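What you are looking at is a predicted structure, and each value in this text was computed from that prediction instead of being measured.
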Amino acid sequence: MAKQNTEMRGWPAKMGSGRPSPSVRRPTHAGSWYEDDPEILREELQQMLGAEYADGATEDAGLCAVIAPHAGLRFSGSVAAGVYARVDVASVECIFLLGPSHHEPLEGCALPGEEVLAYRTPLGDLPLDLAVLAELRKTHEFSHLPMHVDE
């Protein structure tokens with residue numbers, strides 16, 4: 001039997017610098033809702049994805065959108081892994097992270113403040129697509145979510 005690839009397909013070994021910055025949203029739930037140690041987190045993610053691949057999950061190039069839970073890793077990680085194991089990362093052009101505001105009531109949708117350039121994770125910094133955000137802001141359909149509220 002062929003060995004299943006349990007690596008996180010398409011993910012670089014390290015993203016961003018991880019240095020403190022006023023333009024990078026901090027991972028305020030790291031260490032509580034998911035592991036804050038990058039090596040342990042990477043291992044947990046690889047185990048969850050590996051279980052999906054071992055069960056026969058295959059990438060679907062026709063997939064154009066996914067909805068995955070964002071609760072704590074121990075609560076919804078295996079469900080999220082089932083979704084992400086089916087994403088053909090070679091065909092991904094843009095990723096939109098949608099989620100509720102846990103700290104301030106909103107009417108409609110909000111975008112990160114213009115000062116936010118990246119989201120920090122224990123695995124590294126994820127740069128935001130500033131051009132897409134600028135285009136979305138021009139529509140005036142989105143509220144502004146300041147960093148102190150977003151974190």
Side-chain angles (χ1 to χ4, degrees), residues 5-53 57 59-61 63-106 108-139 141-151:
N5 180 2
T6 59
E7 293 298 311
M8 293 186 294
R9 297 178 190 168
W11 287 67
K14 180 71 176 163
M15 300 171 286
S17 69
R19 286 185 232 125
S21 168
S23 61
V24 178
R25 182 189 181 279
R26 296 174 302 140
T28 56
H29 290 78
S32 60
W33 288 92
Y34 53 91
E35 184 59 55
D36 59 355
D37 180 286
E39 297 307 316
I40 295 172
L41 179 59
R42 184 175 296 281
E43 184 177 315
E44 288 177 352
L45 294 173
Q46 287 175 341
Q47 286 175 356
M48 288 180 198
L49 288 168
E52 291 299 319
Y53 299 137
E59 297 169 345
D60 181 351
L63 212 59
C64 44
V66 299
I67 298 174
H70 81 283
L73 202 56
R74 67 178 167 268
F75 301 112
S76 66
S78 61
V79 175
V83 172
Y84 296 129
R86 286 156 178 81
V87 173
D88 176 11
V89 296
S91 67
V92 173
E93 294 178 25
C94 191
I95 297 172
F96 286 88
L97 297 176
L98 305 175
S101 170
H102 295 291
H103 306 288
E104 186 170 292
L106 293 173
C109 296
L111 298 172
E114 291 184 41
E115 74 278 10
V116 182
L117 305 179
Y119 281 6
R120 175 144 305 142
T121 79
L123 300 177
D125 294 351
L126 297 171
L128 301 184
D129 189 329
L130 303 179
V132 169
L133 286 169
E135 288 298 313
L136 291 172
R137 285 186 188 100
K138 286 181 191 175
T139 69
E141 295 290 328
F142 299 90
S143 301
H144 169 83
L145 196 60
M147 178 102 73
H148 73 277
V149 173
D150 193 18
E151 291 183 327

Practice problem: State, with a plain yes or no, whether a side-chain heavy atom of Tyr34 is found less than 4.5 Å away from one of Thr121. | Solution: no
Practice problem: Could you tell me whether the side chain of Phe75 reaches within less than 4.5 Å of the side chain of Pro69, counting heavy atoms only? | Solution: no
Self-check item: Note, Ile67 side chain near Val83 side chain (heavy atom, < 4.5 Å)
Solution: no
Exercise. May I ask you to decide if Glu44's main-chain N or O and Glu35's side chain share a donor-acceptor pair within less than 3.5 Å?
Key: no
Quiz item: Got a sec: does the CZ of Arg86 have more than 12 other heavy atoms crowding it under 6.0 Å?
Solution: yes
Quiz item: So, for Ala110 and Leu106, which heavy atoms are closest and what is the spacing to 0.1 Å?
Solution: CB-CD1, 3.8 Å
Practice problem: Kindly indicate whether the side chain of Asp129, heavy atoms from C-beta on, has any atom under 4.5 Å from the side chain of Ile95. | Solution: no
Self-check item: Leu133 side chain near Pro112 side chain, heavy-atom distance below 4.5 Å
Solution: yes
Quiz item: Measuring from Asp36:CG to His29:NE2, what's the distance to the nearest 0.5 Å?
Solution: 13.0 Å
Quiz item: Thinking salt bridges, do Glu135 and Lys138 make one under a 4.0 Å N-O criterion?
Solution: yes
Quiz item: What is the minimum heavy-atom distance between Asp125 and Ala118, and which atoms define it?
Solution: CB-CB, 4.3 Å
Quiz prompt | Within-4.5 Å side-chain heavy-atom neighbours: Leu73 and Leu41 | solution = yes
Self-check item: Donor-acceptor contact below 3.5 Å, side chain Ser23 vs main chain Leu117
Solution: no
Quiz prompt | Any Leu63 side-chain heavy atom under 4.5 Å of Val87 side chain | solution = yes
Exercise. Specify the closest pair of heavy atoms between Val24 and Tyr119, including all atoms of both residues, with the distance to one decimal.
Key: CG1-C, 4.2 Å
Self-check item: Approximate separation, where rounding is to 0.5 Å, of Trp33 CH2 and Ser76 OG
Solution: 9.0 Å
Quiz prompt | Approximate separation, where rounding is to 0.5 Å, of Leu111 CG and Thr139 OG1 | solution = 7.5 Å
Quiz prompt | Pairwise distance CZ(Arg137) to CG(Leu130) - rounded to 0.5 angstrom | solution = 7.5 Å
Quiz item: Closest approach of Met147 and Arg25, non-hydrogen atoms and distance?
Solution: SD-CA, 3.5 Å
Quiz item: Counting only heavy atoms not in Glu114, do more than 12 fall under 6.0 Å of its CD?
Solution: no
Quiz item: What is the distance from atom CG of Leu136 to atom CZ of Phe142, rounded to the nearest 0.5 Å?
Solution: 4.5 Å
